[in-house]
Amino acid sequence: MSRDLHVIVVGGGFAGVGCVRRLAKHDDVHVTLVDRHNYHQFQPLLYQVATSQLAPSDVGFSLRKLFHDNENVDVKLGEVAEVDAANHAVTTTDGQRYAGDALVLAAGSQPNFFRTPGAAEHAFPLYSLDDAERLRSRILGVFEDADRDPELLDQGALNFVVVGGGPTGVEMAGALADMIAETMTVEYRDLAVSAARIHIVDLGHTLLGPFSDSAHDYVAKVLGRKGVQMHLGVAVTEVGPGHVTLADGTTIRTRCVVWGGGIKAPPLAGAAGAPQGRGGRLDVLEDLSVDGIDGFYVVGDMANIPSPDGRTHPQLGSVALQSGAWAAANLLADADGKHRKAFHYKDKGIMAMIGRGAAIAEVGPHRHELHGVVAFSAWLGVHASLMSGVRTRIDAFVEWASDYFSDDRGPQVLDRSGAARIDWSDDPAPERVAAHI
Ligand SMILES: Cc1cc2nc3c(=O)[nH]c(=O)nc-3n(C[C@H](O)[C@H](O)[C@H](O)COP(=O)(O)OP(=O)(O)OC[C@H]3O[C@@H](n4cnc5c(N)ncnc54)[C@H](O)[C@@H]3O)c2cc1C
């Protein structure tokens, strides 16, 4: 019996790709994949693009190429603005309507600035390939400008502030410290690169909050050794064009604030007309469907997916990839008149690379803690498996990662798009502030 099923999937991230890959195996299923980009972006390595370790093309993969061999998959470029969940239809900003027998939303997240004044205008989020390229331009831009005019050092030209002490902030701070120590000192011989300072700020009292106490000590030790200054237990209260203020009265003069402070659901979640929970994400049932709407599934970062401990699964690439494939299996079960199954997540653990030569991982049901080369091997295994979800050849990735971890070679790619032209006009920090850095 032929299913003759047409599924609309919004979003070609880990969740969307996981879903389409599973559906594409069935000739009697037709898939329309809609994304605002015609490529998948491999977010775990965006900080490597921002710090010139990788070229953008190394972490962006063509969606059309990915499904080139699947005649039952159509890739459509479009920004979805409207969702008609009951009719399994979406409409893009240019008026295109795509309707099917089932709908899967997998539109990911967006940065959450937590209403911090000036953050949306002046900080650099790190969520997309565009973000990573803008940030890279800004980092290179401040070095180029300070090299031409060393007086800019007094304006904090080489101060970098990373907001958020989760994996994104920690990985970014570690990689930036390596980039400055290994490459900028060599490339900018006339500049007092030793004036560069990296600050990491987090409201929590530790970095890498979800990890164990000994992991907190390890990351603080590694970043401290790299010269990163930690401001913990303190909020960022304002981001200006040339400074950041903290709740303890500190002002840091800087033209480069990296925002790794949190994520929330994209606006599309609000357009779906379904219940939104924590972070604005759409609440789904254990089988990843939305209660009361037949043939409507939400997966990956965009969903609050219940976990057996009564909480929800974290926003991770492996959760996204697995939930996408699981929703596809449940959609097929719907079409075959079979029972759906509750999502079962195979936990790969949590991990972070803290710059070159240092990594931390907590793996297994008892969260066994690993450091150094062993942690890196766990990191490599998980990220290679994530990458194989979106790309067939991963040997170049494995080779690059091994070189990156073990070699002392600095960044190989130094280009500048000019996207971050810097306005150095005076930006007096607020007078009420006591300490200036
Ligand atoms: C900097 C960074 C580092 C990370 N590091 C790790 C890590 O080391 N390990 C790990 O497991 N996880 C990591 N994560 C988390 C992981 O990347 C996410 O959990 C995962 O990407 C979520 O997958 P997704 O498919 O739900 O969303 P996404 O990967 O964000 O994909 C969403 C897709 O939807 C598209 N889209 C969005 N809105 C629309 C719209 N309106 N119309 C059309 N298309 C739209 C986007 O273009 C995108 O292609 C990291 C995240 C970030 C930001």
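Every heavy atom of this structure was used, including side-chain atoms; hydrogens, water molecules and symmetry mates were not. Each ligand, and each atom within it, is numbered from 1 in the order the structure gives.
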Handout entry: Ionic contact status for E82 with R97, cut-off 4.0 Å
Key = no

Exercise for the section: Within a distance under 4.0 Å of any heavy atom of H383, pick out the atoms of ligand 1 and give their elements. Expected result: 7 (C), 8 (O), 9 (N)

Practice task
Go through ligand 1 atom by atom and flag the ones less than 4.0 Å from a non-hydrogen atom of G300.
Solution key: 26 (O)

Problem - V80, any N or O under 3.5 Å of ligand 1 N or O - result: yes

Fill in the blank from the handout: Per-atom filter on ligand 1: closer than 4.0 angstrom to a heavy atom of A107 are 32 (C), 34 (O), 37 (C), 38 (N)

Practice task
Please indicate whether any nitrogen or oxygen in V10 is less than 3.5 Å from any nitrogen or oxygen in ligand 1.
Solution key: no

Practice task
Specify whether Y345 and H313 have parallel, tilted or perpendicular ring planes, treating 30° as the upper limit for parallel and 60° as the lower limit for perpendicular.
Solution key: perpendicular

Practice task
Decide whether an N or O pair under 3.5 Å exists between Y39 and ligand 1.
Solution key: no

Practice task
Identify, by atom number and element, the atoms of ligand 1 in contact range of L126, meaning under 4.0 Å from any of its heavy atoms.
Solution key: 1 (C), 53 (C)

Completion exercise
Note: ligand 1 atoms sitting under 4.0 Å from heavy atoms of Y127 are 30 (O), 53 (C)

Exercise for the section: Verify, without hydrogens or angle tests, whether T250 (side chain) and L246 (backbone) share a donor-acceptor contact under 3.5 angstrom. Expected result: no

Handout entry: Heavy-atom closest pair, residues A215 and E362
Key = CB-OE2, 3.7 Å

Exercise for the section: Measure T168 to ligand 1 on non-hydrogen atoms and call it side chain, backbone, both or neither using the 4.0 Å cut-off. Expected result: side chain

Problem - Modelled atom types, side-chain donor and acceptor of T32 and H6, under 3.5 Å - result: yes

Handout entry: Mutual orientation of the aromatic rings belonging to F14 and H40 [parallel < 30°, tilted 30-60°, perpendicular > 60°]
Key = perpendicular

Completion exercise
Among E171, H37, Q43, the residue with a heavy atom nearest to atom 17 (O) of ligand 1 is Q43

Problem - Residue portion contacting ligand 1 (non-hydrogen atoms closer than 4.0 Å) for A106 - result: backbone

Fill in the blank from the handout: Note: heavy atom closest to atom 12 (N) of ligand 1, options A132, C19, G317, belongs to G317

Handout entry: Distance-only N or O hit between ligand 1 and L316, under 3.5 Å
Key = yes

Practice task
Decide whether an N or O pair under 3.5 Å exists between G11 and ligand 1.
Solution key: no

Handout entry: V299 versus A327, closest heavy-atom pair with distance
Key = CG1-CB, 3.6 Å

Problem - Nearest-contact summary for atom 5 (N) of ligand 1 - protein heavy atom, Å - result: P44 CA, 3.3 Å

Problem - Sub-4.5 Å side-chain heavy-atom contact between R281 and Q276 - result: no

Handout entry: Sequence neighbours excluded, every pair satisfying side chain to side chain donor-acceptor pair (under 3.5 Å) that has a member inside residues 63-78
Key = H30-D74

Handout entry: Under 3.5 Å donor-acceptor, N87 side chain and D84 backbone
Key = no

Fill in the blank from the handout: Nearest non-hydrogen protein atom to atom 25 (O) of ligand 1, with distance, is A15 N, 2.9 Å

Problem - Per-atom contact, atom 44 (N) of ligand 1, protein heavy atoms, under 4.0 angstrom - result: yes

Exercise for the section: State yes or no: are the ring centers of W259 and F124 separated by less than 6.0 Å? Expected result: no

Problem - Enumerated ligand 1 atoms positioned under 4.0 Å from heavy atoms of Q315 - result: 15 (C), 19 (O)

Practice task
Below 4.0 angstrom from a heavy atom of G12, which ligand 1 atoms are there? Numbered from 1 as shown, please.
Solution key: 33 (C), 49 (O)

Practice task
Give the residue and atom name of whichever protein heavy atom lies nearest to atom 29 (O) of ligand 1, and the separation in Å to one decimal.
Solution key: G13 CA, 3.6 Å

Problem - Check: W379 N/O within less than 3.5 Å of ligand 1 N/O - result: no

Handout entry: Protein residue, atom and distance nearest to atom 20 (C) of ligand 1, heavy-atom basis
Key = F14 CD1, 3.6 Å

Fill in the blank from the handout: If you scan protein heavy atoms around atom 47 (O) of ligand 1, the nearest is D35 OD1, 2.7 Å

Handout entry: Main-chain N/O of A320 paired with S323 side-chain donor or acceptor, under 3.5 Å
Key = yes

Problem - salt bridge (Lys or Arg N to Asp or Glu O under 4.0 Å): pairs with one or both residues in residues 299-323, sequence neighbours excluded - result: D309-R311

Completion exercise
atom 23 (O) of ligand 1: closest protein heavy atom, distance to 0.1 Å, is A320 CB, 3.4 Å

Fill in the blank from the handout: Taking only non-hydrogen atoms of E79 and a 4.0 Å limit, the atoms of ligand 1 in range are 41 (N), 42 (N)

Handout entry: Identity and separation of the nearest protein heavy atom to atom 26 (O) of ligand 1
Key = D301 N, 2.8 Å

Practice task
List the atom of A335, the atom of L5, and the distance in Å for their closest heavy-atom pair.
Solution key: CB-CD2, 4.1 Å

Practice task
Please confirm whether G78 comes under 4.0 Å of ligand 1, counting heavy atoms of the residue only.
Solution key: yes

Practice task
Can you see which heavy atom on A99 is nearest to which on A89, and at what distance?
Solution key: CB-CB, 3.8 Å

Handout entry: Salt bridge present between D287 and K341 (N-O < 4.0 angstrom)
Key = no

